[in-house]
> 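Take a look at this one; I'll ask things after.
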Number of protein chains: 4
Amino acid sequence: MILKIDFESEMPIYEQLRRQIIEGIARGELNIGEELPSVRQLAEDIGINLHTVNKAYNVLKDEGYLVIDRRKGAMVKDTFPKATKEYYDSLEKELKFIVADAYCRGMGKDEFLKQCEIYFDEYIESRRERENGR
Amino acid sequence: MILKIDFESEMPIYEQLRRQIIEGIARGELNIGEELPSVRQLAEDIGINLHTVNKAYNVLKDEGYLVIDRRKGAMVKDTFPKATKEYYDSLEKELKFIVADAYCRGMGKDEFLKQCEIYFDEYIESRRERENGR
Amino acid sequence: MILKIDFESEMPIYEQLRRQIIEGIARGELNIGEELPSVRQLAEDIGINLHTVNKAYNVLKDEGYLVIDRRKGAMVKDTFPKATKEYYDSLEKELKFIVADAYCRGMGKDEFLKQCEIYFDEYIESRRERENGR
Amino acid sequence: MILKIDFESEMPIYEQLRRQIIEGIARGELNIGEELPSVRQLAEDIGINLHTVNKAYNVLKDEGYLVIDRRKGAMVKDTFPKATKEYYDSLEKELKFIVADAYCRGMGKDEFLKQCEIYFDEYIESRRERENGR
DNA sequence: GTGGTCTAGACCACC
DNA sequence: GTGGTCTAGACCACG
C-alpha cells in the first residue's frame, strides 16, 4: 500500500497517515491481521520523523483499528472498531457542516448523495475483489 | 442566531464560529444582506477575544460568504460562494475518508445516505419556512 | 460624469472618489475650470457622508488638481499638477512592484507595455474628441 | 536579502514586507524552494512583532507565492501564482489610474512605457545573472 | 460607531 | 525548533 504525504497541507502528517490507513483498510488493501511496516521502516520510507508514525499508529490503536504488539509491531485488528455514541455524534456534527457548505454552494442533494454512493460502492467492490482474489 | 463554543474542543474557536455561521446561512437563520454582530459585540457575548471573531469573519469573507463593510460591519453576501475546483477536490478527499471510516465501522450505505438526505432536507425545509414567513 | 462607489472594496471611499475624478480629468470629462458638484450635493447623490466627499476634494486640492473656492465650490484647476520629485519617487516604487508581480505571474513585457499603451491612447483619444466637440 | 521598513509610511508593515518579498522573488534574490527566515527571526531582525511577519507570510501563502511547512517554515513556492481573472481586473483598475495620473501630470506615453520596460528588463536581467551564477 | 493594524506575551501542536 | 491560536490592550483610519 502506498502512502502519500502532502507536506504543504495544513493537515498534520500523522493525521494524513491515519486517514490513508483507514482508507486502505476500507479498500481491503490492508486485511485483518496484516502487519503494518515497523515505525522505523515507515518513517524512513516516507522521510518523516519516527514519532510521527508512532502517533498515527497509537491513535489508530485507540480507535480500535490496530493492535500493537511489542514483538510483531502494528497489525490490523481482527474486529472493526465499534461505532460508539461518540463516533455518531462527531459524524453528525461533521456531516451536517459539510452538507450545509455544499448546499450553500449550490450542490444538489442528488449530486451529493450520488457521490457518496459512488465512494461506498468503491470500497465494497474493492473489498470483494480482494476477497475473491485470495 | 445562537452560537455555541466548546472551549474544550481541539477545533479552534474561530473555526467553530465559521462552521456555525455557515450552517446558519444554510438554515436561513442568516439571510442575504443580514448584518452580523460587530466583532466587539460578538466577542463580548461569547466571552472571547475580538481578534478571534475577526479571524472567523475574515476567513468567511475570503471564502465568499460574507462582505465586510467599513460602515456596517460584516453581512451575509448576496451571492453564495462558488464551488471551485479546490472545493470539489477537498470535498472529495474529506468525503472519501468519512465514508471509509463509516464503512469500516459497519455503517451501511443506505443508513449513511439516508442520514445525508435528512440533513439536506432540514436545510431546504428550514429555508423554505423562513422565506414563507417573511 | 458618473461616479461609482464599491462599498465592499477595501479601498476607502474617498480614495475611490479621488481616483475616479482624476480619471475623469484625464478623459476630458471634467474640463479645466469646470465646477464639480457641491460637497453636499455629491454626498447625497452617492449616499455617503459629507465629510467623505470633503476629504476627497481636499486631497485633490493638495495634489494640485482642484481649487476650492468658498463661493463657487470645487473646480478643476486651470493648470495640471506638477510632477514633483515626490510623485516620481512614489510612482517608481509603485510601478516597480506592479511590474515585479506581473513578471512573476508570467505576464510578458510586451503584453504589459501594450496594455499601458492602450490606456494612454484611450485618454489621449477621449480628450481629443471632446476638444473637437466643443 | 535585505528588507527595509518605513515605519512612517501609511502602508502597513506587513504590506511593505509582502511587496519587497515579491520584488525579491522577481529579481531572483529569493529562489524557488528557498527558505525564508522564521517569523521570529525576521521579526527580531527588523524589530517588529512576530505576528506582523506572520501576516505577511500568510498573505503571500494565500496568493500562491509561498508555502508554509510545519517543519521548515516558509519557503518560495516552486510554481508561480496564477494570473487569475481577479488579478487582471485589479491590475487593469490600478494601471488605468496610474496612467491617468501620469498623463495629467504631463508624462508622455513614451516616457512611461520606457520606464516600465526598464523595470521589466531589470528583473529579467537580475534573474538571468543569478541563474548563470549558480 | 466600525474594522484594521500592531504590540506583547502566553500556550499549544507538530516534528 | 517551527507556525498556529488566543488573549489583552493600544492606536488609527474611515465614515
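Predicted model, so just to flag it, every value in this text is computed and none were measured. In what follows, chains carry the letters A, B, and so on, assigned in the order in which the sequence lines appear, proteins first and then strands, with residues in each chain numbered from 1. Quick note: numbers below take in every heavy atom, side chains included, and nothing from hydrogens, waters or symmetry partners.
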> Pull out every residue in residues 8-18 of chain B that has a heavy atom closer than 4.0 Å to any atom of DNA chain F, ordered by number, or say none.
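Output list: B:Pro12, B:Ile13, B:Tyr14.
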> Among residues 50-58 of chain D, which ones have heavy-atom contacts with DNA chain F below 4.0 Å?
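Nucleic-acid contacts, sorted: D:His51, D:Asn54, D:Asn58.
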> For the atom pair CD (C:Glu34) and CE (C:Met75), what is the distance rounded to the nearest 0.5 Å?
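Result: 10.0 Å between the selected atoms.
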> Charged N to carboxylate O below 4.0 Å: is that the case for A:Lys85 and A:Asp89?
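Result for this pair is yes, salt bridge flagged.
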> Extract all donor-acceptor atom pairs below 3.5 Å that involve side chains of residues 11-20 of chain C and protein atoms in other chains or at least two apart in sequence.
from	atom 1	to	atom 2	distance (Å)
C:Glu15	OE1	C:Arg18	NH1	3.4
C:Glu15	OE2	C:Arg18	NH1	2.7
C:Glu15	OE2	C:Arg19	NE	3.0
C:Gln16	OE1	C:Asp6	N	2.9
C:Gln16	NE2	C:Asp6	O	3.1
C:Gln16	NE2	C:Met11	O	2.9
C:Arg18	NE	C:Glu63	OE1	2.9
C:Arg18	NE	C:Glu63	OE2	3.1
C:Arg18	NH2	C:Glu63	OE2	2.7
C:Arg19	NH1	D:Glu94	OE1	3.2
C:Gln20	OE1	C:Lys4	N	2.9
C:Gln20	NE2	C:Lys4	O	2.5

> Could you check if a side-chain atom of B:Tyr65 sits within less than 4.5 angstrom of a side-chain atom of A:Cys104, using non-hydrogen atoms only?
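In short, these two side chains touch, coming nearer than 4.5 Å.
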> Please work out if C:Ile48 contacts a base, only the sugar-phosphate, or nothing of the nucleic acid, heavy-atom cut-off 4.0 Å.
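The answer is nothing, as C:Ile48 stays clear of every strand by at least 4.0 Å.
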> Check every nucleotide of DNA chain E for an atom under 4.0 Å from a heavy-atom of chain B, then give the first and the last such nucleotide from 5' to 3'.
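So the outermost contacting nucleotides come out as E:dT2 to E:dC6.
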> Measure the spacing between OH of D:Tyr57 and CG of D:Leu66 and express it to the nearest 0.5 Å.
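Output value for this atom pair is 7.5 Å.
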> Could you tell me whether the side chain of D:Ile25 reaches within less than 4.5 Å of the side chain of D:Phe80, counting heavy atoms only?
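Contact flag for D:Phe80/D:Ile25 side chains = yes.
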> How would you list, by chain and number, every residue that makes a salt bridge (Lys or Arg N to Asp or Glu O under 4.0 Å) with D:Lys61, sequence neighbours excluded?
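With sequence neighbours excluded, D:Lys61 shows a salt bridge (Lys or Arg N to Asp or Glu O under 4.0 Å) to A:Glu10, given in chain and number order.
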> Determine which pairs satisfy salt bridge (Lys or Arg N to Asp or Glu O under 4.0 Å) with at least one residue from residues 21-30 of chain B, sequence neighbours left out, and list them in order.
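Listed once each, the pairs are B:Arg27-B:Glu29.
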> Suppose the criterion is salt bridge (Lys or Arg N to Asp or Glu O under 4.0 Å): which pairs have a residue in residues 67-76 of chain B, not counting sequence neighbours?
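Qualifying pairs, neighbours excluded: B:Asp69-B:Arg71.
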> Where each residue is assigned the nucleotide of DNA chain F containing its nearest heavy atom, which of B:Arg70 and D:Gln41 is assigned the position nearer the 5′ end?
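So the residue in question is D:Gln41.
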> Among all residues two or more places apart in sequence or in another chain, which pass the salt bridge (Lys or Arg N to Asp or Glu O under 4.0 Å) test with C:Lys55?
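Testing C:Lys55 for salt bridge (Lys or Arg N to Asp or Glu O under 4.0 Å), a comparison that skips the adjacent residues, returns none.
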> Show me the donor-acceptor pairs within less than 3.5 Å that the side chains of residues 38-51 of chain D make with the rest of the protein, sequence neighbours left out.
from	atom 1	to	atom 2	distance (Å)
D:Ser38	OG	D:Gln41	N	3.1
D:Gln41	NE2	D:Asp45	OD1	3.2
D:Asn49	OD1	D:His51	N	2.8
D:Asn49	OD1	D:His51	ND1	2.8

> Using the closest heavy atom to pick a nucleotide of DNA chain E for each, name whichever of B:Arg71 or D:Gly47 lands nearer the 5' end.
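Looking at DNA chain E, the more 5' nearest nucleotide goes with B:Arg71.
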> Using side-chain contact (heavy atoms from CB on, under 4.5 Å) as the criterion, list what pairs up with C:Ser90, not counting sequence neighbours.
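Applying side-chain contact (heavy atoms from CB on, under 4.5 Å) to C:Ser90 gives none.
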> How large an angle, rounded to 10°, do the end axes of the helix from E:dG1-F:dC14 to E:dC14-F:dG1 enclose when each is built from five base pairs?
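So the angle between the two local helix axes works out to 30°.
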> Could I get the full list of side-chain contact (heavy atoms from CB on, under 4.5 Å) partners for C:Tyr88, not counting sequence neighbours?
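Partners of C:Tyr88 by the side-chain contact (heavy atoms from CB on, under 4.5 Å) criterion, ordered by chain and then number, come out as C:Ala83, D:Met107, D:Glu111.
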